[in-house]
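Structure first, then comments.
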Amino acid sequence: MEALPDLKNVMQEQQAMAAAANTVIGTAVQFAGDQARAAKAQADKEVINFSTADNAVANAQKNLNAVLANTDSSPDGRY
């Protein structure tokens with residue numbers, strides 16, 4: 001008859017493996033969350049940059065319209 005493995009040692013090894021797996025999973029979840037937060041922060045920053053660029057274009061168009069309006073108002077049309 002073969003000797004049976006020591007059940008206490010087998011259980012301790014299983015518990016150690018489960019604890020190690022939980023550590024790896026927890027670290028992976030935390031890393032994924034950190035990456036998602038960083039991506040959202042970058043996206044929010046780009047939205048602000050886009051909004052700023054939109055405002056700059058609107059201001060440039062407003063200034064151009066003002067220049068064109070002044071050009072057309074001179075007696076000879078040359079500003």
Side-chain angles (χ1 to χ4, degrees):
M1 219 183 199
E2 284 185 42
L4 295 175
D6 182 8
L7 188 55
K8 185 176 180 180
N9 285 338
V10 170
M11 291 300 293
Q12 286 175 344
E13 288 175 6
Q14 290 295 318
Q15 287 174 342
M17 289 177 64
N22 283 336
T23 299
V24 170
I25 292 169
T27 301
V29 168
Q30 182 176 354
F31 179 76
D34 291 346
Q35 293 297 308
R37 280 187 291 283
K40 182 179 182 327
Q42 183 64 34
D44 291 345
K45 183 179 173 185
E46 295 303 324
V47 167
I48 291 168
N49 289 342
F50 184 75
S51 178
T52 301
D54 254 0
N55 288 339
V57 169
N59 288 337
Q61 184 65 50
K62 181 179 171 183
N63 291 340
L64 176 61
N65 290 343
V67 168
L68 292 175
N70 286 337
T71 302
D72 294 339
S73 66
S74 66
D76 58 1
R78 291 178 32 190
Y79 188 81

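Quick note: residue numbers are just sequence positions, from 1.
- Contacts classified as side-chain hydrogen bond (donor to acceptor under 3.5 Å, both in side chains) and involving residues 52-68 (residues at least two apart or in different chains) are given here: Q61-N65.
- Scanning for side chain to side chain contact (heavy atoms under 4.5 Å, CB included) contacts around E13 gives an empty result, with sequence neighbours left out.
- By the side chain to side chain donor-acceptor pair (under 3.5 Å) test, E46 is found to be paired with Q42, residues two or more places apart in sequence or in another chain being considered.
- Residues passing the salt bridge (charged side-chain N to carboxylate O under 4.0 Å, His left out) test with D44, sequence neighbours excluded: K40.
- Within the model, atoms CE of M17 and CD of Q14 stand 5.5 Å from one another, a figure rounded to the nearest 0.5 Å.
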Side-chain donor-acceptor pairs of residues 20-30 under 3.5 Å, sequence neighbours excluded:
from	atom 1	to	atom 2	distance (Å)
N22	ND2	A18	O	3.4
T23	OG1	A19	O	3.0
T27	OG1	T23	O	2.9

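- For D34, the salt bridge (charged side-chain N to carboxylate O under 4.0 Å, His left out) partners two or more places apart in sequence, or in a different chain, are R37.
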